Number of protein chains: 2
Amino acid sequence: MQVHCEAGETVFRSGTPTHSAFYVESGAVRLVRYGRAGEEVVLHDARAGEFFAEASLDSARYHCDAVASEASELLQFPATALRQLLDTDRDFARQWVGLLARQLRAVRTRVERLSLKSASERVRHFLVSEGRGPRCEVKVQGTFKDLARSLGLTHEALYRTLATLEREGVIERDGMVLRFAG
Amino acid sequence: MQVHCEAGETVFRSGTPTHSAFYVESGAVRLVRYGRAGEEVVLHDARAGEFFAEASLDSARYHCDAVASEASELLQFPATALRQLLDTDRDFARQWVGLLARQLRAVRTRVERLSLKSASERVRHFLVSEGRGPRCEVKVQGTFKDLARSLGLTHEALYRTLATLEREGVIERDGMVLRFAG
DNA sequence: CGTCGCATTGATATCGCTCAAATCCGGTGG
DNA sequence: CCACCGGATTTGAGCGATATCAATGCGACG
C-alpha cells in the first residue's frame with residue numbers, strides 16, 4: 001500500500017500498536033525518541049531503498065516516533081501480511097533474515113562510532129565505514145546538522161572538526177562530498 | 001557442539017571466515033574491535049542465555065573479535081547447519097527472526113543511550129531501559145569498569161557519577177545492585 | 001604473602017557544549 | 001524581479017564536564 005508523506009509529517013507514534021512496517025521509495029524518515037529535556041534523539045535515519053520499523057513487527061507497540069524529514073513516498077506493509085509471508089514464502093524469509101542481520105551490523109557499527117571519544121575519530125570512523133573507494137568518499141545525506149546528530153555531536157563541533165581535519169590535510173570537502181585527502 | 005573457553009581466550013578473530021554462530025550457556029563473551037590507538041571498543045557483551053555472531057551468518061567474514069571475559073561454556077552452531085535449519089524448520093525461522101529483531105531493538109536502545117551527552121543521563125537511561133520493577137533495579141553484570149565502557153565513559157567518570165547521584169538521593173547502591181531511590 | 005586488577009577519590013587539562021553573531025542560500029510572496 | 005524569511009553554515013569566546021594522570025586501598029588468586 002502506497003503512502004505519501006509531507007516533510008515533518010508523523011508516520012507513527014511511540015506507544016501505538018505496531019500495525020505495519022514500511023519501505024522508503026523516495027525521501028527520508030527519522031526514527032526518534034525524546035530525552036528528559038525534550039531533545040530529539042535520532043535512532044535511525046531511513047533513506048530511499050531502506051525498510052524501517054522492521055524490528056517492531058514482533059513487538060506489540062512502536063517504541064519510537066517516525067517522522068518524515070522530507071516529502072516521501074512510502075510502501076506500507078501490514079504486520080499480518082508480513083508475518084504470513086514469513087511463514088509461507090521461504091525465499092522472502094531468507095531475505096528478511098538477511099535484512100535484519102545487515103541492519104544489526106550497521107547499528108553495531110554506529111555503536112562503535114559513538115564509543116569513540118573524540119570528534120575527529122568519529123568523523124574518520126564514519127568515512128572508513130560508510131565511504132566508498134580507496135579514499136572513502138561519502139556523499140553526505142541530508143544536512144551537516146543531521147550528520148552531526150548521527151555522530152553524537154553538536155553541529156558546531158562537527159563544522160570545527162571538519163575544518164580542522166581539512167586544514168591538517170587529512171580530508172577533503174566538496175560541498176556535501178567528503179573523502180580522505182590523497 | 002559444546003566448546004569450553006578460559007577467561008581471555010579468543011573464540012574467533014576479525015577477518016576469519018564465518019564458520020559458526022554461538023550460544024552462551026554460562027560465562028560471558030565480549031565482541032570487540034580496536035580503535036586507531038589500539039583501545040578496545042566493546043560492540044556487544046553476550047552473557048548466559050544469549051546468542052552471538054548471529055548477524056555474521058550471512059556475511060563472509062567476522063567483523064570483530066570474540067573474547068571470553070570469563071571461563072565460559074559455549075554451544076557452537078556451524079553456519080551450514082543453521083542455514084539449513086532456517087530453510088527447513090519454519091518454527092525455528094520464526095524464532096530466529098524474533099531473536100534478530102530483539103537484538104536490533106536492544107542495540108538501538110544502546111545507540112540512544114550513547115547519544116545522551118551527560119554521564120548522569122546515560123546512567124538514568126541505563127536504569128530505565130535495563131532495570132526491573134518500579135525502582136528499575138539492576139544487578140550489574142561484570143565489573144563497573146565493564147559497565148563504564150558499555151556506557152561510553154571512563155570508569156572514573158562512572159564512579160564519580162554514581163557517587164554524585166547517590167549523594168543527591170537519586171539512586172541507591174548495594175554492591176553491584178543499582179536502583180532509583182524510593 | 002606478593003601481585004594484579006578493580007574500586008575510589010584528587011588534581012589538572014582539554015575537548016566539546018553553550019551562547020552569540022554573521023553570512024549564505026533556497027524558497028515564498030508581493 | 002526583488003525583498004524577505006527561516007534554516008543551514010560558519011566562526012568566536014568562555015565554561016563546564018569528562019578525560020587523563022596519579023595515588024591509595026582492597027580483595028582475589030596463585
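These values consider heavy atoms only, across backbone and side chains, with no hydrogens, waters or symmetry-generated copies. Reminder, nothing fancy here: chain letters follow the sequence lines and each chain counts from 1. Computed from a predicted model, the values in this text were never measured in an experiment.
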Check ion pair B/D87-A/R90 (N to O, under 4.0 angstrom):
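Result for this pair is no, no salt bridge flagged.
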Calculate the interatomic distance between [X] atom [atom1] and [N] atom [atom2]; express it in whole Å.
{"X": "A/L162", "N": "D/dA8", "atom1": "CG", "atom2": "P", "answer": "16 Å"}
{"X": "A/F144", "N": "C/dC24", "atom1": "CZ", "atom2": "P", "answer": "18 Å"}
{"X": "B/E40", "N": "C/dG5", "atom1": "CD", "atom2": "C1'", "answer": "14 Å"}
{"X": "A/E166", "N": "D/dT11", "atom1": "CD", "atom2": "P", "answer": "10 Å"}
{"X": "B/L147", "N": "C/dG5", "atom1": "CG", "atom2": "C1'", "answer": "17 Å"}
{"X": "B/R149", "N": "D/dT20", "atom1": "CZ", "atom2": "P", "answer": "14 Å"}
{"X": "A/L116", "N": "C/dC15", "atom1": "CG", "atom2": "P", "answer": "15 Å"}
{"X": "B/L153", "N": "C/dA7", "atom1": "CG", "atom2": "P", "answer": "15 Å"}

Under 4.0 angstrom, heavy atoms only, what part of the nucleic acid is [X] near: base, sugar-phosphate, or nothing?
{"X": "B/S118", "answer": "sugar-phosphate"}
{"X": "A/G142", "answer": "nothing"}
{"X": "A/G152", "answer": "sugar-phosphate"}
{"X": "B/Y159", "answer": "base"}

Nearest listed nucleotide, side chain of [X], among [options]:
{"X": "B/K145", "options": "C/dC6, D/dA19, D/dT9", "value": "C/dC6"}
{"X": "A/R160", "options": "D/dT9, D/dA13, C/dA11", "value": "D/dA13"}
{"X": "B/A157", "options": "D/dA19, C/dC17, D/dT9", "value": "D/dA19"}
{"X": "B/A119", "options": "C/dA20, D/dT18, C/dA7", "value": "D/dT18"}

Are A/Q103 and B/R108 close enough that a side-chain donor and a side-chain acceptor fall under 3.5 Å?
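Note: A/Q103 and B/R108 side chains meet the donor-acceptor criterion.
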Sub-6.0 Å ring centroid separation between B/Y62 and B/H19:
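That pair passes the under 6.0 Å test.
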Would you say A/T154 places a side-chain N or O within less than 4.0 Å of OP1 or OP2 belonging to C/dC17?
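So the side chain of A/T154 is within the cut-off, an N or O lying under 4.0 Å from OP1 or OP2 of C/dC17.
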Compare side-chain N and O positions of A/R173 against OP1 and OP2 of D/dT10 and report whether any pair is under 4.0 Å apart.
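For A/R173, the contact criterion (side-chain N or O under 4.0 Å from OP1 or OP2 of D/dT10) is met.
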Whichever of A/T143 and B/K117 has its nearest DNA chain D nucleotide further upstream toward 5'
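Closer to the 5' end of DNA chain D: A/T143.
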Closest heavy-atom pair and its distance - B/G27, B/E70:
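Scanning both residues completely, I find the closest heavy atoms to be CA-OE1, 3.7 Å.
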To check you understand the geometry: which heavy-atom pair defines the closest contact between B/S26 and B/A48, and what is its length?
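Shortest heavy-atom contact: CA-CB, 4.1 Å.
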